[in-house]
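To start, the structure itself, in structure tokens.
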Number of protein chains: 2
Amino acid sequence: MSTIEDVAKLAGLSRTTVSRVLNNHPYVSEEKRKLVIEAMEHLGYVPNSSARSLRNRKTGIIAVLIPKISTPFFSQLIERLEIAASEKNYQLIICQTQYSDKKERTYLDLLKTKQVDGVIMTSCENDWKIIDAHLDYGPIVLCNEIIENVEVPMVFMNQMKSGYTIAKHLIESGHRKIAYCTNGTDKVTLQARETGFKRALAEAGLSIHREDYFQHVSSISDGKNIFHQLYHNCNSPTAIFTGSDSVAAGIISEAKRHGWVIPQDLAVVGFDNMEITELMDPMITTVIQPVETMAAKAIDVIVDKIHKKQYRSRETHEFTATLAIRESTLVNSKLVATS
Amino acid sequence: MSTIEDVAKLAGLSRTTVSRVLNNHPYVSEEKRKLVIEAMEHLGYVPNSSARSLRNRKTGIIAVLIPKISTPFFSQLIERLEIAASEKNYQLIICQTQYSDKKERTYLDLLKTKQVDGVIMTSCENDWKIIDAHLDYGPIVLCNEIIENVEVPMVFMNQMKSGYTIAKHLIESGHRKIAYCTNGTDKVTLQARETGFKRALAEAGLSIHREDYFQHVSSISDGKNIFHQLYHNCNSPTAIFTGSDSVAAGIISEAKRHGWVIPQDLAVVGFDNMEITELMDPMITTVIQPVETMAAKAIDVIVDKIHKKQYRSRETHEFTATLAIRESTLVNSKLVATS
DNA sequence: GTGAAAGCGCTAACAT
DNA sequence: ATGTTAGCGCTTTCAC
């Protein structure tokens with residue numbers, strides 16, 4: 001492993017000059033620059049990033065905290081974050097919290113130990129008081145998560161609009177008894193979605209019946225279970241918003257096995273535009289999240305914060321989803337922006 | 001940001017002693033140890049990882065090179081790699097090559113610049129000569145990839161066995177005209193799979209007809225295209241191995257739209273056990289890769305290499321897949337090991 | 001059992 | 001335009 005010193009010696013110059021060439025500083029004569037470059041090539045010199053990090057007080061690494069990588073939405077998000085980061089010459093460390101507050105805290109410490117320049121959180125398991133303390137050490141950006149009254153940038157999709165648009169679509173398709181699924185009401189994002197959904201219903205003089213409201217629903221098997229509840233309900237709804245493509249697929253798959261015809265017997269709406277939505281028969285009406293745009297913005301914002309060295313500031317960066325209307329709610333499919 | 005010096009001063013001791021406490025060295029009196037710990041807590045001291053990396057010549061970071069994160073198989077692999085790495089206190093930097101040899105080279109340089117202690121490659125886009133040169137700087141482990149005559153550890157699944165088992169299963173189900181899809185023949189892994197497949201056919205006195213052999217096939221739409229080729233072929237095969245769940249799903253979805261009944265009109269086998277395989281109707285017979293085991297082994301091996309500081313050595317760590325027999329090839333499903 | 005001092009590889013005042 | 005020098009924060013001989 002050759003060092004900057006070796007290069008300097010071989011070129012017959014000082015470490016400073018070599019460093020200047022390395023960092024494209026002005027005030028280096030063409031002549032010496034060539035000498036340095038030759039020496040570097042001859043030695044196969046590459047700067048040591050630990051030394052640079054120590055000296056410059058920056059690592060060029062961003063940590064991404066994510067509950068579970070293999071969840072299709074999250075893997076798409078990571079994919080886009082990686083692309084955006086690499087365009088700005090940042091590396092991404094991937095940290096799987098597995099929805100554990102303890103792991104989340106451990107990973108946030110990467111900021112304290114200066115192993116990373118910033119953290120992107122795609123969900124939040126701890127009390128904000130705990131997270132907030134970490135802002136003394138570096139920037140934190142929320143991507144795909146909203147928390148009220150906190151001083152960090154947040155990048156997210158307007159869930160209220162998408163909830164509203166979905167309900168509106170179902171109402172316009174003639175449905176009057178509509179079921180709703182959610183994975184919880186503790187997240188601001190999910191609350192907003194529900195609020196938008198209910199608003200559209202209210203505007204049409206409708207509401208969600210008690211027996212048509214399902215909580216803590218997220219997997220394929222949850223979907224299958226829900227179908228069975230509907231199946232045994234003599235006054236079952238004519239449409240259901242599932243909040244998740246997996247749940248939608250589970251419901252549809254089970255419904256078909258029991259002889260139901262979708263959407264005639266039950267219209268189904270998913271969420272996230274996973275691959276299955278176009279593979280199922282019928283293809284599933286779903287919400288396309290602007291993953292690429294959100295990822296690019298999150299990286300933009302955090303890189304900006306890193307440079308400005310100003311970590312506390314409330315900013316909201318809001319994007320709009322698209323409703324992809326497919327066979328599970330209609331015969332003819334089309335695209336509709338939720339705006 | 002407090003440093004080790006600050007802690008030393010506050011505790012009225014030397015940097016050395018603080019460092020000893022930090023690294024659990026022996027020969028520190030209980031009394032002073034307590035003093036140090038108190039001081040650290042008082043200051044909220046956390047060691048700076050750049051300084052440690054520079055001094056110790058190790059970063060505790062492993063780079064994972066992956067073609068595309070959102071591919072379900074790869075996202076599962078990353079998930080498991082992250083879990084295994086974090087158990088050994090390593091962080092993972094995720095590098096998306098997008099099948100580009102240039103990006104791959106850029107990322108391999110992380111080894112030279114000492115930004116990472118080792119690299120796990122899940123595919124390989126460059127000539128091995130180029131990769132090999134990087135072994136002077138740190139360990140490289142292949143996970144899910146085989147390259148002949150190279151001096152690195154390789155962790156993989158026995159593709160020959162799985163190809164053999166799949167063909168055997170189709171033959172035993174009574175099929176005599178069987179189609180084969182592959183995403184290419186340049187990879188040793190895919191070649192092995194094909195060899196095993198053909199061997200089982202040969203043993204039954206069968207072979208793959210020219211028109212039943214499909215190359216460069218990997219996506220849902222590829223699957224749909226293939227179905228149309230079969231559809232217009234008056235002597236179409238009775239079974240098809242697709243090499244990919246996406247392709248299998250594409251074929252099935254399109255076949256059903258054209259009135260075919262699966263598996264009666266066509267038996268279909270996928271690969272990877274993605275979520276869709278259990279959602280499609282019929283559920284898809286597929287190969288379950290031992291992702292978790294391979295990931296754990298890959299981390300084990302690379303951590304070992306890092307410690308031993310011996311990077312060149314040919315080792316093969318082979319695992320066996322499981323064939324999940326489902327509705328797309330049979331009426332009654334069951335699990336069969338490919339061993 | 002504890003401390004003084006050297007140095008990992010790099011950059012940036014500062015001086016020339 | 002180029003070089004000298006002082007650290008960044010940490011670990012580790014070596015000496016006591």
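Proteins come first, then strands; the chains are lettered A, B, ... in the order of their sequence lines, and each starts at number 1.
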**Fill in**
A correct 5'-to-3' footprint of nucleotides 6-16 of chain D, with B, S and - meaning base, sugar-phosphate only and no protein heavy atom under 4.0 Å, is BBBBBBB----

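Partner of A/V116 under the side chain to side chain contact (heavy atoms under 4.5 Å, CB included) criterion, chosen from A/I62, A/I93, A/L92: A/I93. Just one of A/V21, A/L10, A/V28, A/I4 meets the side chain to side chain contact (heavy atoms under 4.5 Å, CB included) condition when paired with A/V36; it is A/V21.
Over its length, the helix from C/dG1-D/dC16 to C/dT16-D/dA1 turns its helix axis by 40°, as judged from the five terminal pairs at each end, rounded to 10°.
You'll find the side chain of A/Y137 stays beyond 4.5 Å of the side chain of A/D109, heavy atoms only. Considering only heavy atoms from C-beta on, A/N23 comes within 4.5 Å of A/R52 through its side chain.
Counting heavy-atom neighbours within 6.0 Å of B/E125 CD, excluding the residue itself, gives a total above 12. Other residues, nucleotides and ligands contribute only 12 or fewer heavy atoms inside 6.0 Å of the NZ atom of A/K103. The neighbour count for A/K58 NZ, taken as heavy atoms of other residues, nucleotides or ligands under 6.0 Å away, is above 12.
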**Request:** Test salt bridge (Lys or Arg N to Asp or Glu O under 4.0 Å) on A/D117 and A/R57 and set out the steps.
**Result:** CA-CA 9 Å; A/D117 295 338; A/R57 299 159 169 291; over 6 Å; no

**Prompt:** side-chain hydrogen bond (donor to acceptor under 3.5 Å, both in side chains) between B/S313 and B/E315: does it pass, once the steps are laid out?
**Reply:** CA-CA 6 Å; B/S313 82; B/E315 291 170 27; 3.1 Å; yes

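The separation between B/R33 atom CZ and C/dT2 atom C1' is 13 Å, rounded to whole Å.
Using a 4.0 Å cut-off, some side-chain N or O of B/S29 falls inside it from OP1 or OP2 of C/dT2. Regarding contacts with the backbone of D/dT2, a side-chain N or O of A/K32 is found under 4.0 angstrom from either OP1 or OP2.
At a threshold of 4.0 Å, the pair A/D136-A/K112 does not count as salt-bridged, since none of the basic side-chain nitrogens sits closer than that to a carboxylate oxygen.
Within a heavy-atom distance below 4.0 Å of DNA chain C, no residue of residues 108-119 of chain B is found.
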